[in-house]
2 protein chains.
Amino acid sequence: MHPMVNDGAAEGQGAGAAGPRAAGNEGGGTVGGRGRPRGRPRSFDRETALEKALLAFWEHGYEATSVSDLTRAMDIGAPSLYAAFGDKRSLFEEVVSVYGARYGSFADRALAEEPTARGAVERTLREAATAYTEPGHPRGCLVVHAAANCSTPEVEQSLRDRRNADIAAFESRIRADVAAGVLPPGIDAAALARHTGAMIQGMSQQARDGASREELEAVAEIAMSIWPRTGTHTG
Amino acid sequence: MHPMVNDGAAEGQGAGAAGPRAAGNEGGGTVGGRGRPRGRPRSFDRETALEKALLAFWEHGYEATSVSDLTRAMDIGAPSLYAAFGDKRSLFEEVVSVYGARYGSFADRALAEEPTARGAVERTLREAATAYTEPGHPRGCLVVHAAANCSTPEVEQSLRDRRNADIAAFESRIRADVAAGVLPPGIDAAALARHTGAMIQGMSQQARDGASREELEAVAEIAMSIWPRTGTHTG
DNA sequence: TTATTTTTCTAGCGGTCGCTACAGAAATGA
DNA sequence: TCATTTCTGTAGCGACCGCTAGAAAAATAA
């Protein structure tokens, strides 16, 4: 079915797996040995399989994606999945981690790189319009949707924490601008940050509901008009 | 377990059920007879049971709410559920219909009663802040969340259609104001309507993530500042 | 080669899913 | 009383769920 893919010794190490004997081991018995691990080598590329799992979870969510769906998408057997990634939940956590680094980092980048809070929000909304409608992967944001209606409270809470952390990051960036005099002192930073979060989440839902990139960009542009133009906004 | 609740002949008629011998029948054999239907009477109140199902679906979504969860919440046996409501999907459709009439009608009411599009949107967002955080029922909007990550495409599409229809309703109301000269002619009605939809959906998500009514009202107030103050907004 | 280690495939575990056959219970009509 | 109609509880259907035991396969080490 899927014979031999591994040609070299390059083996990625998982980030989030924590179960017993989970995740790919690297460097078998010898101390600093670069030799192969020891037993039968894996027949699939761990990172490739992880990416396939990511796309499946992104499209259908945590609960609606069965282990059977996953093994089909990753083209491996169930025991291989459990040996390499722990269990379904560990795999999902690792997927979320990879998603955050590969697809969901544009807000962090904007916050770090743009000189003002307003600039960071504007760039974030604009890039969200692009990212959420990009061809080649599911629409919208995995963090917003993948744990909706989830029967496992820890999974639901995990993504909720990420969403609220993003809003908190916007809030502290806005506070910094207020402290620096870039934004007027009367501004409600928490509400402004929450408004930004609501826009992002709403745009993600709109993307899932069929909105085009251009339509989302128009929404983003409208949303940006809430920002004070001459420093007289008082929340 | 649940002996005899029906004391009279008052029996509500379902709206959406369509399966074979589904939904409560009314008026048994005789033409205009007001007598009881004929066989053994139902031991539960259909509307009460439907309301319990509504709350269960609202909280956990279509797929994560099992028939077992439903029969427990409604305090009836599975055969009674199937006899009275058809199947799980028919029950859900009826729940959505009742939800729309009882909890989700504030936008329609605002659109019908407020003299301007802006007034309708403002009232809708304000009432959403209240409705989405009201004690006594789950948070957020059933139409927004209950079919997320749903494996039954028809169910997912059904709620998606409702969401997009709401946006279309806002759009036509905005167009009407543009035509009447209440809003400036350069406005992008579609984008403005989509922005409103994104705000509603984002606020619903925020409510699910723990935002208070006051926090959502602050978000709504900020969102309203996009509207032209003196008729010079050009989209 | 032989022993050891690790991954692979096959098969299937106990549990839940949506749903229903069946028999008994509770009403009406004769 | 007895037949008819409808609902209710029990019990269980086939399918799928997440997950794993066990043996064979494929590598290294001796």
Side-chain angles (χ1 to χ4, degrees), chain A residues 1-9 11 19-30 33-46 49 62-72 74-92 151-152 155, chain B residues 1-9 11 19-30 33-46 49 62-72 74-92 151-152 155:
Chain A
M1 195 66 100
H2 39 78
M4 282 294 176
V5 174
N6 248 354
D7 52 335
E11 192 76 3
R21 69 198 303 236
N25 48 359
E26 189 176 13
T30 56
R34 274 289 106 192
R36 291 189 176 178
R38 189 73 202 297
R40 174 173 176 173
R42 215 177 255 140
S43 66
F44 61 94
D45 180 59
R46 196 177 186 278
Y62 175 73
E63 208 147 85
T65 306
S66 70
V67 172
S68 177
D69 293 332
L70 289 167
T71 57
R72 196 181 312 114
M74 302 161 86
D75 198 24
I76 62 178
S80 298
L81 186 154
Y82 282 89
F85 299 101
D87 60 0
K88 187 186 174 185
R89 200 168 127 198
S90 303
L91 171 57
F92 181 71
S151 304
T152 313
V155 172
Chain B
M1 196 62 101
H2 39 78
M4 283 294 175
V5 174
N6 249 354
D7 52 335
E11 192 76 2
R21 69 197 302 235
N25 48 0
E26 190 175 12
T30 55
R34 274 290 104 190
R36 291 190 176 178
R38 188 71 202 298
R40 174 174 175 173
R42 214 177 257 140
S43 65
F44 61 95
D45 181 59
R46 196 178 187 278
Y62 175 74
E63 208 146 85
T65 305
S66 70
V67 173
S68 177
D69 293 332
L70 290 168
T71 57
R72 196 182 311 116
M74 301 161 86
D75 197 25
I76 62 178
S80 297
L81 186 153
Y82 282 89
F85 299 102
D87 60 0
K88 186 186 175 185
R89 199 167 130 199
S90 303
L91 172 57
F92 181 72
S151 304
T152 314
V155 172

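Evaluation of the side chain to side chain donor-acceptor pair (under 3.5 Å) rule for A:S151 yields A:E63 as partners, not counting sequence neighbours. Under the side chain to side chain donor-acceptor pair (under 3.5 Å) criterion, A:R72 pairs with A:S68, A:D69, sequence neighbours left out.
For the pair A:A78 and A:S66, nearest-nucleotide mapping onto DNA chain D gives the more 5' position to A:S66. Residue whose closest nucleotide on DNA chain C sits further toward the 5' end, between A:G39 and B:Y62: A:G39.
The listed nucleotides are D:dC19, C:dC9, C:dC19; the one nearest the side chain of A:Y82 is D:dC19. Counting only heavy atoms from C-beta on, A:S80 has its side chain closest to C:dC9 among C:dC9, C:dT20, C:dC19. Proximity note for B:K88 (side chain, C-beta onward) versus C:dG18, C:dA27, D:dT5: the nearest is C:dG18. Listed candidates were D:dC19, D:dT5, D:dT8. Nearest to the side chain of B:R38 is D:dT5.
In this structure, CZ of B:R42 is placed 16 Å from C1' of D:dG9, rounded to the nearest angstrom. Atom CZ in A:F44 sits about 16 Å away from atom P in D:dA26, given to the nearest Å. Remark: P of C:dT7 and CG of A:D45 are 15 Å apart, rounded to the nearest angstrom. Atom-to-atom, CZ of A:R40 to P of D:dG22 comes out at 19 Å; the value is rounded to the nearest Å. When rounded to the nearest whole Å, the span between CD of A:E63 and P of D:dC16 equals 18 Å. Between the CZ atom of B:R46 and the P atom of D:dC7 there is a distance of 11 Å, given to the nearest Å. Between the CZ atom of B:F85 and the P atom of C:dC19 there is a distance of 14 Å, rounded to whole Å. As a whole-Å value, the separation of B:L81 CG from C:dT20 P is 11 Å.
Scanning all heavy atoms of the two residues, the minimum distance from B:A49 to B:F44 falls at CB-CD1, 3.9 Å.
Residue B:S43 has a polar side-chain atom (N or O) positioned under 4.0 Å from OP1 or OP2 of D:dT8.
Side chains of A:T152 and A:K88 form no contact here, defined as non-hydrogen atoms less than 4.5 Å apart.
Contacts of A:T65 with the nucleic acid, taken as non-hydrogen atoms under 4.0 Å apart, involve only primed sugar atoms and P, OP1 or OP2.
Put simply, the side chain of B:R89 never gets that close to the backbone of B:V155: no donor and acceptor are under 3.5 Å apart.
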